[in-house]
Student: 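A single structure is presented below for examination.
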Amino acid sequence: MGPHPAVAAIRLAVRRVLTDILDDHGRAPGRPPHERSSSPLVLVACSGGADSMALASALAFEAPRLGVRAGGVTVDHGLQAGSDLRAAEVVVRLRELGLDPVESVAVTVGREGGPEAAARDARYAALDTTAERHGAAAVLLGHTRDDQAETVLLGLARGSGIRSLSGMAAVSGADGRYRRPFLQLDRQTARTACMAQSLPVWDDPHNADPAYTRSRIRHEGLPALEKALGKGVVEALARTAQLSRDDADALDAWAGRAEAGVRDADGRLECAALHALPPAVRRRVLRRAAIEAGSPAGSLFARHIEEVDRLITGWRGQGAINLPGRVVARRQGGRLVIRQG
């Protein structure tokens with residue numbers, strides 16, 4: 001008798017991602033597991049929740065069959081009493097699954113961007129450091145189709161551009177470090193897989209705390225939409241994310257090609273040439289220029305780029321525009337100058 005359908009689904013999703021990782025690293029699947037020196041290491045980021053525990057179990061099952069080394073990392077954000085003990089429990093569970101190396105990393109969460117953004121920044125910084133220290137080829141993340149739908153709704157609520165509506169990428173980070181095998185699977189499949197394997201899971205109380213925007217989207221926003229529009233809202237939002245991502249990728253590529261044509265011999269941006277570009281392409285060129293000048297991508301919002309864009313399309317002699325990262329944009333003699341002031 002085969003595995004439970006939910007278990008089979010998560011294993012298949014992980015197998016596909018591991019095969020992609022092997023291909024990216026120039027190795028054919030099926031190389032004997034004992035050749036460990038040349039086998040890539042793949043880590044799973046695990047909080048102890050159902051999504052990441054299902055992911056960890058699938059990685060532990062599939063990795064040795066493909067000649068991949070598998071380890072795990074849990075991040076202790078220190079935001080709840082006893083969080084260090086919880087992290088230690090997760091380490092034990094991951095080792096019981098056969099993962100190695102496994103470690104817990106404690107972080108200090110700042111305040112910039114709000115509690116959710118600050119925790120996310122601290123978490124990814126810890127995952128980056130851990131992956132680099134171990135020489136990991138990739139880090140698997142347990143985001144599901146439900147998480148993707150929530151991300152799209154958050155982007156809509158903030159009035160963000162098409163890149164925000166594209167949600168989370170299946171592959172992201174430096175050199176494709178982060179992989180999300182479960183973006184086509186719903187949250188219930190992961191939970192069912194844990195139940196079928198008798199895997200203990202931990203439900204983070206922050207996920208049900210209405211003080212957090214994503215929690216309100218999960219427990220109030222999406223249910224209200226499904227009540228008003230019927231089932232299928234999550235699937236539709238996830239599909240919107242993929243379509244938006246395809247469009248955003250195409251526009252980004254267009255902007256990359258167009259940028260060379262709007263700079264003068266000294267590399268300065270020419271306002272007349274910028275004005276001739278389609279708005280979606282022009283704003284992408286401006287965003288790239290602001291980031292190159294030192295403005296943090298995570299703090300650079302659509303409203304910032306719109307203000308800079310008005311220096312091109314609505315020039316009335318207005319003054320400089322202040323951007324995050326102490327970057328200043330101003331119009332000078334038909335040129336747009338963006339630099340740290």
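Just so it is clear, the model here is predicted, and its values are computed rather than measured.
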Student: Between L43 and A131, which heavy-atom pair has the shortest distance, and what is it?
Tutor: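 Minimum heavy-atom contact is CD1-CA, 4.2 Å.
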
Student: Can you name the closest pair of heavy atoms from G67 and S39 and give their distance?
Tutor: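 Closest approach of G67 to S39, heavy atoms only: O-OG, 2.9 Å.
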
Student: Indicate yes or no: at least one non-hydrogen side-chain atom of E103 is less than 4.5 angstrom from one of H134.
Tutor: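 The answer is yes, as the side chains (C-beta and beyond) meet within the 4.5 Å cut-off.
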
Student: For a side chain to side chain contact (heavy atoms under 4.5 Å, CB included) check, start with the C-alpha distance between R15 and L12, then their side-chain angles and the critical distance, and finish with the verdict.
Tutor: CA-CA 5 Å; R15 187 184 316 141; L12 176 59; 3.6 Å; yes

Student: CZ of R288 to CD of E292: how many Å apart, nearest 0.5 Å?
Tutor: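 Atom-to-atom, R288:CZ and E292:CD are 6.5 Å apart.
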
Student: Salt-bridge test for R163 and D249: reply yes if a basic N is under 4.0 Å from a carboxylate O, no otherwise.
Tutor: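 Salt bridge flag = yes for D249 with R163.
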
Student: Can any side-chain N or O of T313 pair as donor or acceptor with the backbone N or O of D309 at less than 3.5 Å?
Tutor: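 At least one qualifying donor-acceptor pair exists.
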
Student: Between D100 and R95, is there a side-chain N and carboxylate O pair less than 4.0 Å apart?
Tutor: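 Looking at R95 together with D100, the answer is no, because their closest N to O distance does not fall below 4.0 Å.
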
Student: Considering the options R216, R218, R145, which one meets the salt bridge (charged side-chain N to carboxylate O under 4.0 Å, His left out) requirement together with E150?
Tutor: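 Of R216, R218, R145, salt bridge (charged side-chain N to carboxylate O under 4.0 Å, His left out) with E150 is met by R218 alone.
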
Student: Quick one: are V92 and V90 in side-chain contact, heavy atoms under 4.5 Å?
Tutor: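 No, every pair of side-chain atoms sits at 4.5 Å or beyond.
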
Student: Just to verify, what does H304 make a ring pair (Phe, Tyr, Trp, His ring centres under 6.0 Å) with, not counting sequence neighbours?
Tutor: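 Partners of H304 by the ring pair (Phe, Tyr, Trp, His ring centres under 6.0 Å) criterion, ordered by chain and then number, come out as F301.
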
Student: Would you mind reporting whether H77 and V75 have side-chain heavy atoms less than 4.5 Å apart?
Tutor: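 V75 reaches H77 side chain to side chain.
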
Student: Is it the case that the side chains of S244 and D247 hold a donor-acceptor pair, with the cut-off being a distance below 3.5 Å and no angle test?
Tutor: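 There is no such pair between these side chains.
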
Student: For the pair S104 and D76, evaluate side-chain hydrogen bond (donor to acceptor under 3.5 Å, both in side chains) and give the outcome as yes or no after the intermediate values.
Tutor: CA-CA 7 Å; S104 170; D76 174 14; 5.5 Å; no

Student: Counting C-beta onward and ignoring hydrogens, is there a side-chain heavy-atom pair between Y124 and L141 closer than 4.5 Å?
Tutor: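 The answer is yes; the side chains approach within 4.5 Å.
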
Student: I'd like a table of donor-acceptor pairs (distance under 3.5 Å, sequence neighbours excluded) in which one partner is a side-chain atom from residues 330-341, with atom names and distances.
Tutor:
from, atom 1, to, atom 2, distance (Å)
R331, NH1, L311, O, 2.8
R335, NE, D264, OD2, 2.8
Q340, NE2, G325, O, 3.0

Student: Checking the side chain of H4 only, and the main-chain atoms of A6 only, is there a donor and an acceptor separated by less than 3.5 Å?
Tutor: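 Confirmed, H4 side chain pairs with A6 backbone.
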
Student: Work out which heavy atom in V285 is nearest to a heavy atom in A255; give both atom names and the distance.
Tutor: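 Here V285 and A255 meet closest at CG2-O, 3.8 Å.
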
Student: Take E62 and R65, measure what salt bridge (charged side-chain N to carboxylate O under 4.0 Å, His left out) needs, and give me the verdict at the end.
Tutor: CA-CA 5 Å; E62 294 292 341; R65 287 161 175 77; 5.7 Å; no

Student: Should L18 and L59 count as side-chain neighbours, where that means a heavy-atom distance under 4.5 Å?
Tutor: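 Touching, per the 4.5 Å side-chain cut-off.
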
Student: Assess whether side chain to side chain contact (heavy atoms under 4.5 Å, CB included) is satisfied between R284 and D252, documenting all intermediate values.
Tutor: CA-CA 7 Å; R284 279 167 167 76; D252 284 348; 2.8 Å; yes

Student: Measuring only between side-chain heavy atoms, which start at C-beta, is L222 closer than 4.5 Å to V233?
Tutor: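 In short, these two side chains touch, coming nearer than 4.5 Å.
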
Student: Taking the side chain as every heavy atom from C-beta outward, state whether V262 and E270 have any pair of such atoms under 4.5 Å apart.
Tutor: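 V262 does not reach E270 side chain to side chain.
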
Student: Are R180 and F182 in a cation-pi contact, defined as NZ or CZ under 6.0 Å from the six-membered ring centre and within 45° of the axis?
Tutor: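 Not satisfied by the 6.0 Å and 45° rule.
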
Student: I'd like to know if the side chain of D51 pairs up with that of T144 as donor and acceptor (distance under 3.5 Å, no hydrogens or angles considered).
Tutor: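 Looking only at side-chain atoms, T144 and D51 do not form any donor-acceptor pair under 3.5 Å.
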
Student: Identify whether the distance between the nearest side-chain nitrogen and carboxylate oxygen of R133 and D128 falls below 4.0 Å.
Tutor: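 Between D128 and R133 there is no salt bridge, as every charged N stays at least 4.0 Å from the carboxylate O atoms.
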
Student: Distance from L55 atom CG to C194 atom SG, nearest 0.5 Å?
Tutor: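 Here the rounded value is 10.0 Å.
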
Student: Check the surroundings of atom CH2 in W254: do more than 12 heavy atoms from other residues, nucleotides or ligands lie under 6.0 Å from it?
Tutor: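 Not buried by this count: 12 neighbours or fewer within 6.0 Å.
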
Student: Could you give the distance from CD1 (I10) to OG1 (T192), rounded to the nearest 0.5 Å?
Tutor: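 Answer rounded to 0.5 Å: 10.0 Å.
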
Student: So, S57 versus R11: side-chain donor-acceptor pair below 3.5 Å or not?
Tutor: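 Judged by distance alone, the side chains do not pair up.
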
Student: Indicate the atoms forming the closest heavy-atom contact of A122 with T108, along with that distance.
Tutor: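 The pair with the smallest heavy-atom distance is CB-O, 4.0 Å.
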
Student: Salt bridge or not between D175 and R177? Use side-chain N to carboxylate O under 4.0 Å.
Tutor: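 Looking at D175 and R177, the cut-off is not met.
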
Student: Measuring from atom CG of L99 to atom CZ of R69, what distance do you get when rounded to the nearest 0.5 angstrom?
Tutor: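 One finds 13.0 Å between CG of L99 and CZ of R69.
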
Student: Taking K231's backbone N and O only, do any of them form a donor-acceptor pair with E235's side chain (distance below 3.5 Å, no angle check)?
Tutor: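 No: the side chain of E235 does not pair with the backbone of K231.
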
Student: For R120, what residues pass the salt bridge (charged side-chain N to carboxylate O under 4.0 Å, His left out) criterion, not counting sequence neighbours?
Tutor: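 Not a single residue meets the salt bridge (charged side-chain N to carboxylate O under 4.0 Å, His left out) criterion with R120.
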
Student: Can you tell me how far the CG atom of L237 sits from the CD atom of Q242, to the nearest 0.5 Å?
Tutor: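 So the CG of L237 and the CD of Q242 are separated by 14.0 Å.
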
Student: Could you walk me through whether R179 and S172 pass side-chain hydrogen bond (donor to acceptor under 3.5 Å, both in side chains), step by step?
Tutor: CA-CA 7 Å; R179 311 288 177 118; S172 66; over 6 Å; no

